[in-house]
Amino acid sequence: MAIKMRKLMSALLTIWVGISGAIFLTINSPWLFHWSLTARTVHTTGLTTAQVIKNYHQLLAYLELPWVKRLNLADFPFSKGGLIHMAAVKNLFLLNSITLVLAIGGLLLIWHRIFREKQEWQMLRFFQIAIVVTPLIIFFLAVDFNRYFIIFHQVFFRDNYWIFDPKTDPIINVLTDRFFALSFALIGILFEMYMIIFYRIIKKQVLT
């Protein structure tokens, strides 16, 4: 029973660290935003590409750094509802960072014990299944991305402040569907790579 519980805990922590870590790395990949920008998107703002990118970096600083308390972008104003939503997003980002650190600590402890007791072979099937299932889940969600994007917001946010009006919250003009779709894709790719690397480490350990 103890072994089964340990397997379950190690699987859950492995998944949690993978997803949370992929989210953290995606948030901290400003090149993704640069890549999502098109000349048409930039033109709608009346700004230069450099100005748009500068504002995005300011937004990231607010969302990621606990000591940045006020959202004040150089060229993009926010409505009261927009500020409330961004504050909620900031809380989610910080929560993800905190739980990631805690989960990594738990993961290291439980995998240290698994390696010490030579039980890593019992986790091979879990990784094999995860590596196959992950692309299927990504494909399933990507087929109707807009629908699941809306469901995500309805689950994590209690209000409708996430529905931005371009007139009062013009930042939405550059935070496009393309940007969010690319972010989702990167999270999925990073998680899959993480699982494959983890699996190869475990398999190598078993074979030695």
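Just so it is clear, the structure is predicted and the values come from calculations on it, not from any experiment.
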### Message
Restricting to non-hydrogen atoms, name the atom on Tyr62 and the atom on Ala87 that form the minimum distance, rounded to 0.1 Å.
### Response
OH-CA, 3.4 Å
### Message
With a 6.0 Å cut-off (strictly less than), is the heavy-atom count around NE2 of His57, excluding the residue itself, greater than 12?
### Response
yes
#### Entry: For the student: nearest non-hydrogen atoms of Met123 and Ala11, plus distance
CE-N, 4.0 Å
### Message
If only side-chain N and O atoms count, and only distance matters, is there a donor-acceptor pair under 3.5 Å linking Ser20 with Asn96?
### Response
yes
### Query
With side chains defined as the heavy atoms from C-beta onward, is the minimum distance between Phe179 and Thr176 less than 4.5 Å?
yes
### Task
Anything under 30° is parallel, anything over 60° is perpendicular, the rest tilted; go ahead and classify Phe152 against Phe157.
perpendicular
### Distance-minimising heavy-atom pair for Gln51 and Asn55
O-ND2, 2.7 Å
### Query
Which pair of non-hydrogen atoms, one from Ile114 and one from Ser10, has the smallest distance, and what is that distance?
CD1-CB, 3.7 Å
### Query
If you measure only the distance, is there a donor-acceptor pair under 3.5 Å linking the side chains of Thr26 and Ser29?
no
### Message
Measuring from atom CG of Leu141 to atom CD1 of Ile151, what distance do you get when rounded to the nearest 0.5 angstrom?
### Response
9.5 Å
### Message
For a 4.5 angstrom cut-off between non-hydrogen side-chain atoms, does Ile187 reach Leu25?
### Response
no
### Message
Could you check whether any side-chain N or O of Ser97 sits under 3.5 Å from a backbone N or O of Phe93, counting only pairs where one atom can act as donor and the other as acceptor?
### Response
yes
### Task
Please check if Met193 and Leu32 belong to a single hydrophobic cluster, counting links between Ile, Leu, Val, Met, Phe, Trp and Tyr side chain heavy atoms closer than 4.5 Å.
no
### Message
Between Thr45 and Asn173, do the side chains contain a donor N or O and an acceptor N or O under 3.5 Å apart?
### Response
no
### Task
Give a yes or no on whether the ring-centroid distance for His85 and Trp162 is below 6.0 angstrom.
no
### Task
Could you check if a side-chain atom of Met195 sits within less than 4.5 angstrom of a side-chain atom of Thr14, using non-hydrogen atoms only?
yes
## Note on the structure
The reported gap from OH in Tyr194 to CD1 in Ile19 (rounded to nearest 0.5 angstrom) is 9.5 Å
### Query
Got a second to check how far Ser79's OG is from Phe164's CZ, nearest 0.5 Å?
6.5 Å
#### Entry: Distance, nearest 0.5 Å, that separates CG of Asp165 from CD1 of Ile172
10.5 Å
### Task
Could you tell me whether the side chain of Leu59 reaches within less than 4.5 Å of the side chain of Leu71, counting heavy atoms only?
yes
### Summary
Of all heavy-atom pairs linking Ala74 and Gln58, the shortest is N-OE1, 2.9 Å
### Message
Can you tell me how far apart CD (Glu192) and CD1 (Ile137) are? Round to the nearest 0.5 Å.
### Response
10.0 Å
### Query
Is the shortest heavy-atom distance from the side chain of Val42 to the side chain of Thr48 under 4.5 Å?
no
### Side chain to side chain, Leu12 and Trp16, heavy atoms closer than 4.5 Å
no
### Query
Between Ile15 and Phe126, is a side-chain contact (heavy atoms from CB on, under 4.5 Å) present by the stated rule, with each step listed?
CA-CA 10 Å; Ile15 292 172; Phe126 157 71; 3.8 Å; yes
### Task
For the residue pair Phe78 and Leu73, establish whether any side-chain heavy-atom pair is separated by less than 4.5 Å.
yes
### Message
Under 4.5 Å between side-chain heavy atoms, counting indirect links through other Ile/Leu/Val/Met/Phe/Trp/Tyr residues: same cluster for Phe191 and Phe140 or not?
### Response
yes
### Query
Do Leu63 and Leu92 belong to the same hydrophobic cluster, where Ile, Leu, Val, Met, Phe, Trp and Tyr are linked whenever their side-chain heavy atoms lie under 4.5 Å apart, directly or via other members?
yes
### Message
Side-chain heavy atoms nearer than 4.5 Å, only ILVMFWY residues, links allowed to pass through others: does that put Ile196 and Leu124 together?
### Response
yes
### Message
Measuring centre to centre across the rings, with the benzene-like ring taken for any Trp, is Phe198 within less than 6.0 Å of Trp111?
### Response
yes
### Query
Cluster partners of Tyr161, using ILVMFWY side-chain heavy atoms under 4.5 angstrom, listed by chain and number?
Ile84
### Summary
Exactly one candidate in Val101, Leu102, Leu108 meets side-chain contact (heavy atoms from CB on, under 4.5 Å) with Ile104; the answer is Leu108
### Query
Under 6.0 Å between ring centres, would you say that holds for Tyr148 and Phe184?
no
### Query
Linking I/L/V/M/F/W/Y whenever their side-chain heavy atoms sit closer than 4.5 Å, directly or via other members, would Val17 and Leu109 fall into one cluster?
no
### Task
Compare all side-chain heavy atoms of Met86 with those of Leu83 and state whether any distance is below 4.5 angstrom.
no
### Query
If every non-hydrogen atom of Phe33 is compared with every non-hydrogen atom of Ile53, which pair is closest and at what distance?
CE2-CA, 4.4 Å
### Message
With ring pair (Phe, Tyr, Trp, His ring centres under 6.0 Å) as the criterion, how do His34 and Tyr56 come out once you've worked through the C-alpha distance, each side chain's angles and the decisive distance to 0.1 Å?
### Response
CA-CA 9 Å; His34 304 177; Tyr56 180 71; 7.2 Å; no
#### Entry: Worked check of side-chain contact (heavy atoms from CB on, under 4.5 Å) between Ile202 and Phe115
CA-CA 9 Å; Ile202 301 303; Phe115 281 125; 3.5 Å; yes
### Query
Is a side-chain donor or acceptor of Asp169 paired with a backbone partner of Ile171 at a separation under 3.5 angstrom?
no
### Query
What do you reckon, is CZ of Arg178 surrounded by more than 12 foreign heavy atoms closer than 6.0 Å?
yes
### Task
Nearest 0.5 Å please: distance from the CD atom of Gln154 over to the CZ atom of Phe149.
11.5 Å
